[in-house]
Amino acid sequence: MNLHEYQGKTLLSKYGVPIPEVRVLEDASSAVDAAKEVSSKTGCKIWAVKAQIHAGGRGKGGGVKIAKSLEEVEKYSREILGMQLVTPQTGPQGKKVRKILIEQGIYYPGDHEPEELYMGVLLNRSTSRNIIMYSPRGGIDIEKVAEETPEQIFTEEIDPKTGILPFQARRIAFNLGLEGDAFKNMIKFIPKLYEAYIGTDASLIEINPLFKSSDNKIMAADTKMTVDNNALYRHPDIADMRDTYEEDPNELEAGQYGLSYVKLDGNVGCMVNGAGLAMSTMDIIKLSGGDPANFLDVGGSADAKRVEQAFRIILKDPNVKAILINIFGGIVRCDRVANGIVDAYKNIGELNIPIIVRLQGTNAEQAKDIIDGSGLKVHSAIQLKEAAQLVTKLLK
């Protein structure tokens, strides 16, 4: 589950991770009061006004503004709240901004140059260990740093038996080029960040920028945080942070029926049972010259109603020009799925796109008889490769 920046910072602060003073708003009319509250806590006279959406690159899209007066705070708040923010991660449709963050300005005069660093905590699946990924060159162009100067990206692997050790924190601070108070503050910051990652069952915490202020303070200036859905039962407080406005409505509807659905950009709708088989189906569609429009796993207990709902969700995507149904009858019986296909076809009405069905496994022959005897305009296939090639042929 993805969290907003302000939600991630709230969780980090509970673990002692330093963050700027912030206020969250849904109404621009209270922006000035919020800015005054931030100033009374910190003494700052500059504020950041930040759009809260589940996407990066907000600054490039105009979703982050630096206000140097209370008048600018109100002006930028009214501009950003309600805007359809388009960033490199939202796609051309963008996302509507429903909340903003008023944050203390962290660029203030001091004895040292402020620096923007980068740090992320995530799982390295190839070693089954958590790693801390970091760089002395943080900021909005971190992707370019990784591409053009990969030697500036460092990693520290964490032994799950011991957790982050003091020498590892010191090595990270050294590789970030820190010294003096900044070095000391960083080696305090790192264990707290890692503790927050473990304590919240996060799958990703990304701090960009990880900020070193002009007085050598270390703080999380921006936070991207993702929590493992499978662990939410342990964290009802985090589960309550879910923002359904930021999620695809079809994916939400699919979840209500026990379907695993993720929308993609292609034109071939997929209905499959089993995540592995679904991935293989999408791969072979791609290799055959097609383009999958979705990932959809109907699960092992697919009945007629669930299959019908899967059909309806797939058909809500106007880009779908063909549907490939690929079912292996191990747990679920093929005849049950076949009945679901027939019922769905009848309940939904005439479908003007080709449907290709591949059913293998338990009661596959009965399933074929059900579909053949239904009078539906569907195309049968035995091999998966044959089904994918038939999809491409029918699309053409």
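FYI, the numbering just counts along the sequence from 1.
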Q: Determine, step by step, whether Tyr15 and Tyr197 satisfy the ring-ring contact (aromatic ring centres under 6.0 Å, His included) criterion, reporting the C-alpha distance in whole Å, the side-chain angles of both residues, the deciding distance to 0.1 Å, and the verdict.
A: CA-CA 10 Å; Tyr15 288 86; Tyr197 174 83; over 10 Å; no
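Under the 4.0 Å criterion applied to side-chain N and carboxylate O atoms, Lys321 and Asp291 are not assigned as salt-bridge partners. Checked for salt-bridge contact, Arg242 and Glu247 meet the test: a charged N lies under 4.0 Å from a carboxylate O. At a threshold of 4.0 Å, the pair Lys75-Glu71 does not count as salt-bridged, since none of the basic side-chain nitrogens sits closer than that to a carboxylate oxygen.
For Arg171, the side-chain hydrogen bond (donor to acceptor under 3.5 Å, both in side chains) partners are Glu156, not counting sequence neighbours.
Summarising the geometry of Ile285 relative to Cys270, their closest heavy-atom pair is CD1-SG, 3.5 Å, with the distance given to 0.1 Å. Of all heavy-atom pairs spanning Ile153 and Met133, the tightest one is CG2-CG, 3.8 Å.
Inspection of the His4 and Asp243 side chains reveals an N or O donor paired with an N or O acceptor under 3.5 Å. Between the side chains of Arg358 and Asn326, at least one donor N or O sits under 3.5 Å from an acceptor N or O. Side-chain atoms of His54 and Asn2 include no donor-acceptor pair closer than 3.5 Å.
Under a cut-off of 6.0 angstrom, the local environment of CD in Gln93 is crowded, with over 12 non-hydrogen atoms contributed by other residues, nucleotides or ligands.
Cation-pi geometry between Arg137 and Tyr118 is not satisfied (NZ or CZ under 6.0 Å from the ring centre, within 45° of the ring normal).
A distance-only check finds a donor-acceptor pair linking the side chain of Ser39 to the backbone of Cys44 [under 3.5 Å].
A side chain to side chain contact (heavy atoms under 4.5 Å, CB included) with Lys50 is found for one member of Val22, Leu101, Ile100 and no other, namely Leu101.
Grouping Ile, Leu, Val, Met, Phe, Trp and Tyr by side-chain contacts under 4.5 Å, direct or through others, puts Phe167 with Leu165.
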